[in-house]
Each structure stands twice: as C-alpha cells, then as structure tokens.
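First the structure, in the form of structure tokens, and then the observations on it.
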Amino acid sequence: MKSSMNNSHFHVNTPLLECMGMSKRLGTTVYLKMENSQPSGSFKIRGIGHLCQQLARQSKGVVCSSGGNAGVATAYVARKMGVPSTIIIPSSSPQLVVQRLQDEGATVKIVGKVWDDANAEALRLAEAEGLTYIPPFDHPLLWQGHASVITEVAASLGPGVKPGAVLVSVGGGGLLCGVIQGLKNVAWMDVPVVAMETVGADSFNAAVKAGTLVTLDDITSEAKCLGAKTVCKQAFEYSQSSELNIISELVTDQQALQAVQTFLDEERVLVEMACGAALAAVYSGLIGRLQDEGRLPTLLGPLVVIVCGGSSINMEQLSSLKHKLHI
Ligand code: PLV
C-alpha cells in the first residue's frame with residue numbers, strides 16, 4: 001500500500017447513502033454524503049490533509065486555531081506526517097475535544113472565548129516560533145482539498161445525474177468554497193447550494209444581507225464550530241456571483257439540536273450541532289418553504305446533504321446541550 005506521505009490522501013472516499021427518512025419528508029430522493037466517517041470525524045481532513053501535504057512536509061511543527069474539528073484533523077495529519085502539532089482552541093470548545101486532541105498527540109492551548117481569539121494566538125505563535133500556520137477555513141489549498149467531496153458525489157451518482165441542490169453548513173466558509181470549487185470542476189455551477197448557519201453564528205448570512213463582509217460582535221450560538229465572527233472573503237464573493245445560486249438560510253439552535261437528535265434516532269449517527277444546521281434544513285421544513293417561495297424548484301432533483309460530522313459530541317454533551325436549550 002502507498003504510504004500517506006507519498007502523495008496519496010489522508011481522507012477516504014465516503015459513502016453516498018440514500019436517506020429514506022429525509023426522502024419521504026421531501027418527496028424527492030435525498031442523499032447523505034457521510035463525511036462523519038472520515039478519519040478525524042469530519043470533512044476537514046480533505047482540505048487540511050491537502051494543505052499539509054503541500055506546506056508542512058519539512059515543517060518543524062504546525063499550529064492550528066480551531067473550534068475543534070480543524071484541530072482534530074490537523075493533529076491527525078501531523079501525527080501521520082511525524083510533525084509536532086499545537087492546537088489553539090477557545091474556552092467555548094467542549095472539554096471532550098481537548099481529550100481527542102491530546103489522544104492524537106497534540107499540544108493543546110486554550111486561549112480566549114471564541115475562535116477569533118484563538119486564531120490571533122495561533123498567528124502569533126507561528127511567527128514567534130517559526131511554526132507552519134494551518135488555517136481552519138481560509139486558504140485556497142483547503143478549498144481545493146474540500147472540492148474532492150463533490151467530485152466523489154458526481155462519481156457516485158454516475159453520468160447524467162445532477163443534484164437538485166447541495167446542502168452545506170457554513171462556519172468560516174471553507175466548506176462552502178470547496179463545494180463551489182467542486183461544482184465548478186464537474187460543470188455543475190448551476191446547482192443551487194443551500195448554505196446553512198445557526199442564529200448567533202451567522203457571519204455569512206449577515207454579510208449576504210449587508211452586501212459586505214460583517215464582523216459579528218459575539219458568537220451566541222451553541223454550534224461553536226460554526227463560530228467564526230467573520231466569514232472568509234472568498235465565500236462572500238461567491239455569494240455575489242451571478243453565475244452561482246447560493247441560498248443563505250438560518251435555523252435556531254433548537255432546530256439544529258433537534259435535527260441532531262432526529263438524525264441519531266432515524267439514521268443512528270451522532271453529529272455535532274454544526275452539522276445539525278444543514279440537517280435542520282430538511283427536518284425543519286425549510287427546503288419545503290424554499291420550494292413554496294419559488295427559490296428552489298417544486299420538482300427538485302436529488303438533494304445532496306453534506307453530513308460534515310464533527311467530534312465535539314457524545315451522549316453526555318448531547319444531554320447537556322438539550323438541557324441548555326430546553327429540548
Ligand atoms: N469548524 C472549524 C471552524 O470553527 C473548526 O475549527 O473546526 N461542520 C463542522 C463539523 C465544522 O467543524 C465546521 C468548521 C463546519 C461545519 C463549517 O466549515 P467552515 O468553517 O469551513 O465553513 C470556528
């Protein structure tokens with residue numbers, strides 16, 4: 001077998017599964033792209049693996065600021081590459097992430113309240129100690145790596161089948177940029193992308209509404225992995241492109257968490273609230289509303305949901321979130 005150091009990938013080709021429960025609700029076929037089954041638990045490994053292969057081979061160490069999952073992916077890749085890793089997370093990230101990161105052999109530092117604070121420290125440390133800075137969402141190499149998710153969807157669907165829409169969660173916008181790049185690569189630029197955030201972690205929606213990049217005062221959502229106060233510039237620029245159809249929508253924390261719970265009950269898979277935001281587009285009836293409003297066609301082709309995954313969840317964390325959000 002080719003070693004991961006010799007230009008093969010760190011990520012795996014994930015299954016594209018037909019989801020009966022969601023298909024029944026929508027009256028159209030819904031496919032789940034199971035990124036939760038990636039090594040390190042989320043899609044992040046695609047972009048971060050690619051970026052590290054390009055930039056970190058000779059590195060004396062990498063440093064990544066993260067809400068959690070970019071950090072877990074970085075620590076995983078760094079371990080495989082034999083490079084030391086330091087992951088800076090904010091105090092809002094759950095304790096269970098610290099354990100996951102330490103299990104991957106990373107040095108963990110908790111700095112500030114939200115991701116933006118942790119990022120300032122990661123940039124400082126990279127500069128001061130000559131470490132390679134790994135951004136969690138804002139880099140062309142990350143988007144290039146993430147784009148492979150769409151290439152795989154196209155291969156799984158087979159020739160002549162095109163999605164009616166793709167559903168993604170948006171934090172800093174790296175996944176969105178990768179999905180758009182992937183759609184361009186397979187000549188699916190006309191496929192609508194429904195970009196989901198939670199209220200209180202809505203930096204993309206705020207920028208789309210304002211027509212310019214916006215920095216939120218604070219992250220008040222419990223979907224901490226969507227919590228970048230400013231979305232990346234490329235994601236905003238895509239939202240302004242007349243060649244693309246990006247529909248920015250919000251759900252409440254309660255809807256995102258309810259979606260996590262329904263997904264666990266019906267599909268037997270536990271994901272983070274960050275992922276629940278995308279799932280909630282189906283479970284909360286939002287897709288149906290977009291169809292009623294004529295923003296998505298009534299006769300919708302197969303819907304592809306990117307199940308972005310996430311490691312910051314277990315049964316205890318789920319119970320604590322349910323308690324916090326009164327569900
Ligand atoms: N999480 C980033 C940014 O956090 C991180 O550091 O892990 N779904 C999951 C499970 C995620 O972890 C993230 C990003 C997203 C979706 C959104 O992806 P993005 O940031 O590329 O839009 C602050």
Side-chain angles (χ1 to χ4, degrees), residues 33-38 40-48 51 63-76 87-90 92-94 97 100-101 106 108 112-119 122 134-147 149 167-181 193 195-198 200-205 207 216 219 221-236 238-239 246 248 256 259-260 263 269-280 305-313:
K33 183 63 174 158
M34 301 298 280
E35 290 299 289
N36 60 296
S37 58
Q38 288 290 358
S40 83
S42 80
F43 72 95
K44 291 271 178 189
I45 188 87
R46 292 182 184 271
I48 285 176
L51 182 134
V63 58
C64 174
S65 57
S66 176
N69 296 306
V72 181
T74 300
Y76 173 89
I87 313 297
I88 323 269
I89 57 173
S92 55
S93 294
V97 171
R100 294 239 153 100
L101 289 166
V108 184
K113 187 175 162 261
V114 297
W115 172 81
D116 300 73
D117 307 331
N119 190 46
I134 310 294
F137 53 77
D138 194 2
H139 199 289
L141 287 171
L142 289 179
W143 311 330
Q144 208 179 335
H146 293 337
V149 75
L167 244 74
V168 292
S169 297
V170 178
L175 177 60
L176 177 64
C177 290
V179 163
I180 299 285
Q181 199 165 312
V193 177
M196 297 301 303
E197 295 172 291
T198 48
D202 47 356
S203 55
F204 181 63
N205 190 260
L216 305 175
I219 301 299
S221 168
E222 289 300 327
K224 297 301 176 196
C225 269
L226 300 185
K229 285 192 197 171
T230 319
V231 78
C232 69
K233 190 159 160 266
Q234 180 66 73
F236 171 68
Y238 280 144
S239 78
I246 303 176
S248 165
V260 168
F263 197 64
V269 176
L270 181 59
V271 294
E272 265 187 55
M273 276 179 71
C275 180
L279 306 175
V305 184
I306 311 290
V307 183
C308 44
S311 294
S312 308
I313 188 86

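Quick note: numbers below take in every heavy atom, side chains included, and nothing from hydrogens, waters or symmetry partners. Atoms within a ligand are numbered from 1 in the order they appear, just like the ligands themselves. Model, not experiment: these values are computed from the prediction.
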Close side-chain approach of Met34 to Val269, heavy-atom, < 4.5 Å: yes
Phe204: what forms a ring-ring contact (aromatic ring centres under 6.0 Å, His included) with it, not counting sequence neighbours? none
Dump the intermediate steps for ring-ring contact (aromatic ring centres under 6.0 Å, His included) on Tyr238 and Trp143, then the final yes or no. CA-CA 13 Å; Tyr238 280 144; Trp143 311 330; 7.5 Å; no
Under 3.5 Å: N or O atoms of ligand 1 paired with protein N or O:
unit_1, atom_1, unit_2, atom_2, d
ligand 1, 1 (N), Cys225, O, 3.0
ligand 1, 4 (O), Cys225, O, 3.2
ligand 1, 6 (O), Ser66, OG, 2.7
ligand 1, 6 (O), Gly67, N, 2.8
ligand 1, 7 (O), Ser66, OG, 3.3
ligand 1, 7 (O), Asn69, N, 3.0
ligand 1, 7 (O), Ala70, N, 2.7
ligand 1, 12 (O), Asn69, ND2, 2.7
ligand 1, 20 (O), Gly172, N, 2.8
ligand 1, 21 (O), Gly174, N, 2.9
ligand 1, 21 (O), Leu175, N, 2.8
ligand 1, 22 (O), Gly171, N, 2.7
ligand 1, 22 (O), Gly172, N, 3.2
ligand 1, 22 (O), Gly173, N, 2.7
ligand 1, 22 (O), Gly174, N, 3.4

Which value, rounded to the nearest 0.5 Å, describes the distance between Cys308 atom SG and Asn69 atom CG? 8.5 Å
Test log, rule side chain to side chain contact (heavy atoms under 4.5 Å, CB included), inputs Ser239 and Ser248: CA-CA 9 Å; Ser239 78; Ser248 165; over 6 Å; no
Working for side chain to side chain contact (heavy atoms under 4.5 Å, CB included), residues Ile306 and Glu35: CA-CA 7 Å; Ile306 311 290; Glu35 290 299 289; 4.1 Å; yes
